[in-house]
**Student:** 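My structure is below; once you've seen it, I'll send some questions.
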Amino acid sequence: MSTTDANHASGAAHRTFHPGRGKGRGRGTPKGRQVDASALAEVCAVLGDAPRRADLLIEHLHAVQDRFGHLGAAHLAALAEEMRMAMAEVYEVATFYHNFDVVREDETAPPEVTVRVCDSLTCAMLGAADLQKSLAEGLGAEVRVTHGACMGRCDQGPIVRIGRRYLADPDLDAVQAAIKGSDDDDLPDYTDLAAYRAEGGYALLGQCLGGERTPESVIELLEDSGLRGLGGAGFPTGRKWRFVRQEAGPRLMAVNADESEPGTFKDRYYLARDPHRFLEGMLVGAWVVEAADVYLYLRDEYPDLRRILQREIAALATLGLALPTIHLRRGAGAYICGEESAMLESIEGKRGLPRHKPPFPSQVGLFGQPTLINNVETLYWVRDLVERGPEWFKTQGKEGHVGLRTFSVSGRVREPGVKLTPAGISLSELIETHCGGMAEGHVLKAFLPGGASGGIFPASMADLPLDFGTFEAHGGFIGSAAIIVLSESDMVADAARNLTAFFHDESCGQCTPCRVGTEKALAAMAGGSWQPAQLEDLCGVMAEASICGLGQAAANPIRSAMKYFSEELP
């Protein structure tokens with residue numbers, strides 16, 4: 001670790017409490033919330049010899065919940081005591097993230113088993129509500145059945161989560177069998193370190209560390225290639241690396257593997273098949289900016305990938321190379337942490353609240369140091385780009401478009417999934433040549449080019465090129481290239497409400513335009529008729545005044561629904 005452990009070592013601390021000495025009265029018991037000795041001992045046993053640093057709070061909350069199934073008030077108080085943090089700090093973090101199950105003092109613990117049914121747009125289209133109802137009726141009171149946010153498996157929906165297991169469109173028997181089974185999914189087949197090295201893997205990193213390449217030459221190759229960030233924002237990758245490198249050290253690197261945009265699962269696809277191609281790109285980036293520590297922030301909904309990365313990161317020690325320390329951090333269910341500065345806050349053990357900019361993370365990032373931030377897919381292409389040269393990448397696109405695009409396709413198509421195509425392909429061609437056409441009995445009606453935040457567009461625009469800069473003029477964008485396909489059997493009004501409910505639920509609450517705007521917009525879309533004048537006013541405020549992209553983009557599905565599908569809105 002690059003940071004020292006400023007807090008006390010592991011083990012229960014022995015503390016002496018003294019009676020209060022308030023004016024005119026004495027106290028036989030200490031003031032404030034008391035720590036239960038048995039709960040403190042249990043927390044200490046769970047944490048073992050792990051450091052008690054504040055930036056590890058979320059990791060420790062995960063550890064406690066993994067052990068006891070929820071976060072009870074006694075254990076939260078004990079964790080605060082053990083980490084020497086205020087109870088309010090621990091509690092606000094625990095209650096911020098969806099995947100922490102906090103039980104207050106006046107509440108009873110939930111059933112031992114919780115079944116969550118994804119209710120994001122694709123799963124909702126494919127029958128999530130009916131599935132949740134049937135499971136609630138069939139499983140009985142001993143099992144809690146509730147909804148869950150997007151689980152990153154939209155091509156297999158509707159998805160059910162039971163602990164660390166995920167089931168695709170299961171029936172009651174499959175869910176009951178899973179409840180009795182192992183708590184972990186089997187790992188997919190993937191290219192491990194030995195197989196990756198056999199095909200030339202880590203030769204590029206060896207050249208970098210051995211002096212055969214220079215940081216400047218690698219940056220120039222990335223700049224010449226035209227590679228842009230593929231997590232959504234599309235910022236030029238080489239320029240970002242240059243910005244960070246020109247800042248005074250020490251510098252850090254953070255990787256965003258928290259793809260929580262509904263409809264997006266491409267990073268999962270690459271990590272589950274070829275993790276070392278991504279890891280090598282990540283290590284080249286760390287070498288370029290001279291980052292001694294790399295923080296990899298992974299979705300909590302990807303427990304199988306976490307096991308793969310733990311195994312393969314540990315195997316890197318056999319390379320015999322001077323590598324940075326890689327810290328694998330676990331998200332806790334918060335879409336807002338896909339925003340880069342909110343992710344940094346989460347890595348630091350806090351609520352995922354976006355920071356005001358400037359300064360930008362390239363200047364003042366993680367722990368106050370200049371930080372290079374990239375997503376998984378961007379780093380996945382680094383090795384190919386450098387080894388094959390920028391011209392190879394630039395010529396992959398269609399009709400003047402640059403490079404390759406990885407689309408996560410879900411919804412009303414025969415063959416949903418991850419599709420690698422030339423940049424600039426149209427939706428019509430994507431569906432016909434890569435997805436087997438529309439699903440049986442369905443006719444294209446609408447599509448989302450960039451997940452929840454990219455807007456909803458009619459079939460008449462299906463021949464536009466799917467690339468950066470195409471949909472901005474029409475009130476949307478391609479973002480992370482999450483394509484959700486709707487047919488004539490789907491109501492755009494229902495889709496827009498689903499997406500607005502998602503943004504309302506995922507708003508961090510920090511700024512009024514987003515916090516109140518999404519709530520008011522959802523109310524204006526409820527009932528028997530929409531309120532278009534009020535909705536347009538709310539959309540304008542959210543888009544112009546929200547701190548980060550969540551509130552700014554929350555207007556896109558509403559505005560595009562009113563613009564292109566006004567005849568079917570209530």
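Atom set for the values below is all heavy atoms of this structure, side chains included, hydrogens, waters and symmetry mates excluded.
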**Student:** Just by modelled atom types, is the Tyr269 backbone N or O under 3.5 Å from a matching donor or acceptor in the Arg273 side chain?
**Tutor:**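 Here the side-chain-to-backbone pair exists.
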**Student:** Is there side-chain contact between Pro370 and Phe243, with heavy atoms separated by less than 4.5 Å?
**Tutor:**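 The answer is no; the side chains never approach within 4.5 Å.
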**Student:** Rounded to the nearest 0.5 Å, what separates atom OG1 in Thr421 from atom NE2 in His434?
**Tutor:**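 Taking OG1 in Thr421 and NE2 in His434, the distance rounds to 5.5 Å.
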**Student:** Pairing donors with acceptors under 3.5 angstrom, does anything connect the side chains of Thr500 and Arg497?
**Tutor:**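 There is no such pair between these side chains.
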**Student:** Enumerate the residue pairs fulfilling ring-ring contact (aromatic ring centres under 6.0 Å, His included) with a member in residues 396-416, sequence neighbours excluded, ordered by first and then second residue.
**Tutor:**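 Listed by first then second residue: nothing to list.
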**Student:** When you compare the side chain of Met525 with that of Leu535, does any pair of heavy atoms fall below 4.5 Å?
**Tutor:**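 Heavy-atom side-chain distance check passes, below 4.5 Å.
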**Student:** With sequence neighbours excluded, what pairs up with Arg161 under the salt bridge (charged side-chain N to carboxylate O under 4.0 Å, His left out) test?
**Tutor:**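 Arg161 satisfies salt bridge (charged side-chain N to carboxylate O under 4.0 Å, His left out) with Asp300 only.
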**Student:** Does Arg197 have any salt bridge (charged side-chain N to carboxylate O under 4.0 Å, His left out) partners at least two apart in sequence or in another chain, and if so, which?
**Tutor:**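 Checked Arg197 against salt bridge (charged side-chain N to carboxylate O under 4.0 Å, His left out); zero matches.
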**Student:** Roughly how far apart are Met151 CE and Ser260 OG, rounded to 0.5 Å?
**Tutor:**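 Rounded to the nearest 0.5 Å, the CE-OG separation comes to 12.0 Å.
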**Student:** How far apart are the closest heavy atoms of Pro158 and Leu126, and which atoms are they?
**Tutor:**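 Result for this residue pair: CD-O, 3.7 Å.
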**Student:** Return the set of residues passing ring-ring contact (aromatic ring centres under 6.0 Å, His included) with Phe265 (not counting sequence neighbours), or none when no residue passes.
**Tutor:**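 Expected list: none.
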**Student:** For residues 544-554, tabulate all N or O donor-acceptor pairs below 3.5 Å that involve a side-chain atom, not counting sequence neighbours.
**Tutor:**
residue, atom, partner, partner atom, Å
Ser546, OG, Met542, O, 2.8
Gln552, NE2, Ser546, O, 3.1
Gln552, NE2, Cys548, O, 3.4

**Student:** Taking only distance into account, with no hydrogens and no angle test, what donor-acceptor pairs under 3.5 Å do side-chain atoms of residues 229-241 form with protein atoms, sequence neighbours excluded?
**Tutor:**
residue, atom, partner, partner atom, Å
Thr237, OG1, Leu227, O, 3.3
Lys240, NZ, Ile373, O, 2.9
Trp241, NE1, Asn374, OD1, 2.9

**Student:** Do Leu486 and Leu444 come within less than 4.5 Å of each other through their side chains, counting heavy atoms only?
**Tutor:**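 SC-SC contact between Leu486 and Leu444 ruled out.
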**Student:** Below 4.0 angstrom, N of the basic side chain to O of the carboxylate: do Arg245 and Glu216 qualify?
**Tutor:**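 Result for this pair is no, no salt bridge flagged.
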**Student:** Asn256 side chain to Gly338 main-chain N or O, any donor-acceptor pair under 3.5 Å?
**Tutor:**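 Yes.
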**Student:** Which residue, Tyr196, Tyr380, Tyr202, forms the side chain to side chain donor-acceptor pair (under 3.5 Å) with Glu280?
**Tutor:**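 Going through Tyr196, Tyr380, Tyr202 one by one, the side chain to side chain donor-acceptor pair (under 3.5 Å) with Glu280 is satisfied by Tyr196 alone.
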**Student:** Report yes if the side chains of Tyr302 and Arg153 come closer than 4.5 Å at any heavy-atom pair, otherwise no.
**Tutor:**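 They are in side-chain contact.
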**Student:** Could you name each residue pair satisfying side chain to side chain donor-acceptor pair (under 3.5 Å) that touches residues 445-454, not counting sequence neighbours?
**Tutor:**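 Sorted result for residues 445-454: Glu261-Ser453, Lys445-Glu568.
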**Student:** Which pair of heavy atoms, one from Gly475 and one from Asn556, lies closest together, and at what distance?
**Tutor:**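 Heavy atoms only, the tightest pair is O-OD1, 3.4 Å.
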**Student:** Sorted by first residue and then second, give each salt bridge (charged side-chain N to carboxylate O under 4.0 Å, His left out) pair with at least one member in residues 402-419; sequence neighbours left out.
**Tutor:**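 Passing the test, one end in residues 402-419: Arg405-Asp467, Arg412-Asp490, Arg414-Glu440.
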**Student:** Shortest non-hydrogen contact from Ile456 to Ala446?
**Tutor:**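 Reported closest heavy-atom pair: CG2-CB, 4.1 Å.
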**Student:** Report yes if some heavy atom in the side chain of Arg213 is under 4.5 Å from a heavy atom in the side chain of Leu221; otherwise report no.
**Tutor:**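 Yes. Closest side-chain heavy atoms under 4.5 Å.
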**Student:** Can you tell me if Arg299 uses its side chain to pair, donor with acceptor, with the backbone of Gly333 under 3.5 Å?
**Tutor:**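 It does not hold such a pair.
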**Student:** Consider only side-chain N and O atoms of Tyr190 and Glu312, and report whether a donor and an acceptor are under 3.5 Å apart.
**Tutor:**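 Note: Tyr190 and Glu312 side chains meet the donor-acceptor criterion.
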**Student:** Looking at CH2 of Trp381 and CG of Leu222, how far apart are the two atoms once the value is rounded to the nearest 0.5 Å?
**Tutor:**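 CG of Leu222 is found 14.0 Å from CH2 of Trp381.
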**Student:** Any donor-acceptor pair under 3.5 Å linking the side chain of Glu488 with the backbone of Val443?
**Tutor:**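 Not at all, since once roles are kept as given, no pair shorter than 3.5 Å links the two residues.
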**Student:** Can you tell me if Tyr295 and Thr371 form a side-chain donor-acceptor pair at under 3.5 Å?
**Tutor:**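 No - no donor-acceptor pair under 3.5 Å links their side chains.
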**Student:** Look at atom NE2 of His147 and say whether more than 12 heavy atoms of other residues, nucleotides or ligands are closer to it than 6.0 Å.
**Tutor:**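 Not buried by this count: 12 neighbours or fewer within 6.0 Å.
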**Student:** What distance do Leu427 atom CG and Asp463 atom CG have between them, rounded to the nearest 0.5 Å?
**Tutor:**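 Between Leu427 CG and Asp463 CG, I get 8.5 Å after rounding to 0.5 Å.
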**Student:** Flag this pair as yes if the NZ/CZ of Arg277 is under 6.0 angstrom from the six-membered ring centre of Tyr270 and inside a 45 degree cone about the axis; otherwise no.
**Tutor:**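 Pair Arg277/Tyr270 does not count as cation-pi.
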**Student:** From Cys508 SG over to Ile336 CD1, what is the distance, rounded to the nearest 0.5 angstrom?
**Tutor:**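 CD1 of Ile336 is found 5.0 Å from SG of Cys508.
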**Student:** Phe360: which residues meet the ring-ring contact (aromatic ring centres under 6.0 Å, His included) condition with it, sequence neighbours left out?
**Tutor:**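 With sequence neighbours excluded, Phe360 shows a ring-ring contact (aromatic ring centres under 6.0 Å, His included) to no residue whatsoever.
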**Student:** Are the side chains of Val294 and Leu252 in touch, meaning some heavy atoms are under 4.5 Å apart?
**Tutor:**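 In short, these two side chains do not touch, never coming nearer than 4.5 Å.
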**Student:** Give me the atom names and distance for the closest heavy-atom approach of Ile326 to Met282.
**Tutor:**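 Heavy-atom minimum between the residues: CD1-CE, 3.7 Å.
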**Student:** Assess, by modelled atom type and distance only, whether the side chains of Asp119 and Gln132 contain a donor and an acceptor separated by less than 3.5 Å.
**Tutor:**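 No, because no side-chain N or O of Asp119 sits under 3.5 Å from a partner of the opposite role on Gln132.
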**Student:** Please enumerate all residues that pass ring-ring contact (aromatic ring centres under 6.0 Å, His included) together with Phe457, with sequence neighbours excluded.
**Tutor:**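 Phe457: ring-ring contact (aromatic ring centres under 6.0 Å, His included) contacts with Phe471, Tyr564.
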**Student:** For Phe468 and Phe477, I'd like to know if the aromatic rings sit close, meaning centre-to-centre distance below 6.0 Å.
**Tutor:**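 No, ring centres 6.0 Å or more apart.
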**Student:** Side-chain contact test, heavy atoms from C-beta onward, threshold under 4.5 Å: evaluate it for Ser346 versus Cys337 and give yes or no.
**Tutor:**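 Heavy-atom side-chain distance check passes, below 4.5 Å.
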**Student:** On a heavy-atom basis, which atom in Pro262 and which in Ile484 lie closest, and how many Å separate them?
**Tutor:**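 In terms of heavy atoms, the two residues are closest at O-CD1, 3.9 Å.
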**Student:** Assess, by modelled atom type and distance only, whether the side chains of Ser426 and Ser428 contain a donor and an acceptor separated by less than 3.5 Å.
**Tutor:**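 No, no side-chain donor-acceptor pair sits under 3.5 Å.
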**Student:** Can you name the closest pair of heavy atoms from Leu385 and Ser225 and give their distance?
**Tutor:**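 Looking at all heavy atoms of both residues, the closest pair is CD2-CB, 3.4 Å.
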**Student:** Whether the side chain of Thr518 engages the backbone of Cys514 through a donor-acceptor N/O pair (distance < 3.5 Å, no angle test) should be reported.
**Tutor:**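 Such a contact is found between Thr518 side chain and Cys514 backbone.
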**Student:** Any salt bridge (charged side-chain N to carboxylate O under 4.0 Å, His left out) pairs touching residues 426-439, not counting sequence neighbours?
**Tutor:**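 Sorted result for residues 426-439: Lys398-Glu429.
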**Student:** If we count only N and O atoms by modelled type, under 3.5 Å, do the side chains of Ser408 and Thr264 hold a donor and an acceptor together?
**Tutor:**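 No, because no side-chain N or O of Ser408 sits under 3.5 Å from a partner of the opposite role on Thr264.
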**Student:** Could you state the interatomic distance from SG (Cys539) to CD1 (Ile558), rounded to the nearest 0.5 Å?
**Tutor:**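 The CD1 atom of Ile558 is 4.0 Å from SG of Cys539, to the nearest 0.5 Å.
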**Student:** Just jot down the side-chain hydrogen bond (donor to acceptor under 3.5 Å, both in side chains) partners of Lys357, sequence neighbours excluded, or say none.
**Tutor:**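 By the side-chain hydrogen bond (donor to acceptor under 3.5 Å, both in side chains) rule, Lys357 matches Glu339, Glu340.
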**Student:** Would you call Arg307-Asp304 a salt bridge at under 4.0 Å N-O?
**Tutor:**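 No salt bridge links Arg307 with Asp304.
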**Student:** Taking Gln510 for the side chain and Pro354 for the main chain, is one N or O donor matched with an acceptor at less than 3.5 Å?
**Tutor:**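 Judged by distance alone, yes, a pair lies under 3.5 Å.
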**Student:** Thinking salt bridges, do Arg268 and Glu259 make one under a 4.0 Å N-O criterion?
**Tutor:**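 No salt bridge links Arg268 with Glu259.
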**Student:** Given side chains that start at C-beta, do those of Leu499 and Ser120 come closer than 4.5 Å, heavy atoms only?
**Tutor:**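 When only atoms from C-beta onward are counted, Ser120 and Leu499 do not touch, as no gap falls below 4.5 Å.
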**Student:** Is it the case that the side chain of Ser560 and the backbone of Pro557 share a donor-acceptor pair, with hydrogens and angles ignored and the cut-off at 3.5 Å?
**Tutor:**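 At least one qualifying donor-acceptor pair exists.
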**Student:** Under 3.5 Å, side chain of Glu345 to main-chain N/O of Ser341, donor-acceptor pair present?
**Tutor:**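 No; zero donor-acceptor contacts below 3.5 Å.
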